[in-house]
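The structure presented is a predicted model; accordingly, all values stated were derived computationally and were not measured. These numbers come from the heavy atoms of this one structure, side chains and all, not from hydrogens, waters or symmetry mates.
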Amino acid sequence: MTEIIEYYDSTNKEHWLAEIAKSDWRAGQLLYELIRDDKLKNLCGENAKVLLLVDGEKLISYCTYVEQDEINEPEIKPWIGFVYTFPEYRGKRLFGNLVECACALAREEGYDVLHVSTETIGIYETYGFIYWKSMPSIYGWTSRVYRKNLKKAK
């Protein structure tokens with residue numbers, strides 16, 4: 001049975017950090033290092049959360065929910081980032097559980113829009129994100145910024 005836990009609230013941080021480290025993605029390794037070195041909150045905001053979709057002790061998918069991502073525009077927030085699903089779980093739309101969790105968090109905090117910065121086309125659209133514009137990232141490349149409207153239709 002799957003559930004979503006938040007890394008910083010978990011009682012088994014060492015285990016979950018080791019699970020994140022197993023990802024075969026460069027940005028996943030960066031996330032691992034930022035958490036390990038206690039730098040994620042400095043980079044992304046003190047309220048940064050790492051949402052983990054788990055099945056028992058197995059990590060299925062993860063993402064961050066943060067005020068600041070790779071786009072240096074403090075007035076644009078919140079963001080999901082470091083989005084990863086382990087290969088054996090891809091194609092099952094399990095990441096949608098994390099999207100809904102992040103949307104709920106954003107709504108609770110009074111936001112009407114959730115953002116994601118990516119080079120990928122075709123994934124986030126399936127979860128209700130719409131391409132907004134391209135913006136420079138802190139890493140020196142241009143990234144596509146997508147937005148998801150969180151307002152309930154009247």
- [ ] Scan side-chain atoms only and decide if Glu125 and Tyr131 contain a donor-acceptor pair under the 3.5 Å cut-off.
- [x] no
Open item on the list: Atom NZ of residue position Lys58 - does it have more than 12 heavy atoms of other residues, nucleotides or ligands inside 6.0 Å?
Closed with: yes
TODO: Please say which of Thr85, Val116, Leu51 ends up in a side-chain contact (heavy atoms from CB on, under 4.5 Å) with Cys63.
DONE: Leu51
Open item on the list: Heavy-atom count check: over 12 atoms from other residues, nucleotides or ligands less than 6.0 Å from Asp24 CG?
Closed with: yes
Open item on the list: With a 4.5 Å cut-off on side-chain heavy-atom distances among I, L, V, M, F, W and Y, is there a chain of contacts connecting Ile123 to Trp25?
Closed with: yes
Task: salt_bridge(Arg36, Glu33) N-O dist < 4.0 Å - done: no
Task: Heavy atoms of other groups near Glu14 CD, more than 12 under 6.0 Å - done: no
Open item on the list: I'd like to know if Ile60 and Val83 are part of one continuous hydrophobic network [Ile/Leu/Val/Met/Phe/Trp/Tyr, side-chain heavy atoms within less than 4.5 Å].
Closed with: yes
Open item on the list: Using the side-chain hydrogen bond (donor to acceptor under 3.5 Å, both in side chains) definition, which of the options Tyr62, Tyr32, Tyr84 pairs with Ser23?
Closed with: Tyr62
Task: Path from Ile80 to Leu150 over hydrophobic side-chain contacts below 4.5 Å - done: yes
Open item on the list: Do Trp79 and Ile35 sit in one hydrophobic cluster, given that two such residues count as connected whenever their side-chain heavy atoms are within less than 4.5 Å of each other, even indirectly?
Closed with: no
Task: Nearest non-hydrogen partners of Arg144 and Glu119, listed with the distance - done: CD-O, 4.4 Å
Open item on the list: When you group the ILVMFWY residues by side-chain heavy-atom contacts below 4.5 Å and let the links chain together, are Tyr89 and Tyr124 in the same group?
Closed with: yes
Open item on the list: Parallel, tilted or perpendicular: which one describes the rings of His115 and Trp132, with boundaries at 30° and 60°?
Closed with: tilted
Open item on the list: Quick check for you: to the nearest 0.5 Å, what is the distance between Ile20 atom CD1 and Leu34 atom CG?
Closed with: 10.5 Å
TODO: Nearest 0.5 Å please: distance from the CG atom of Leu53 over to the CG atom of Asp55.
DONE: 8.5 Å
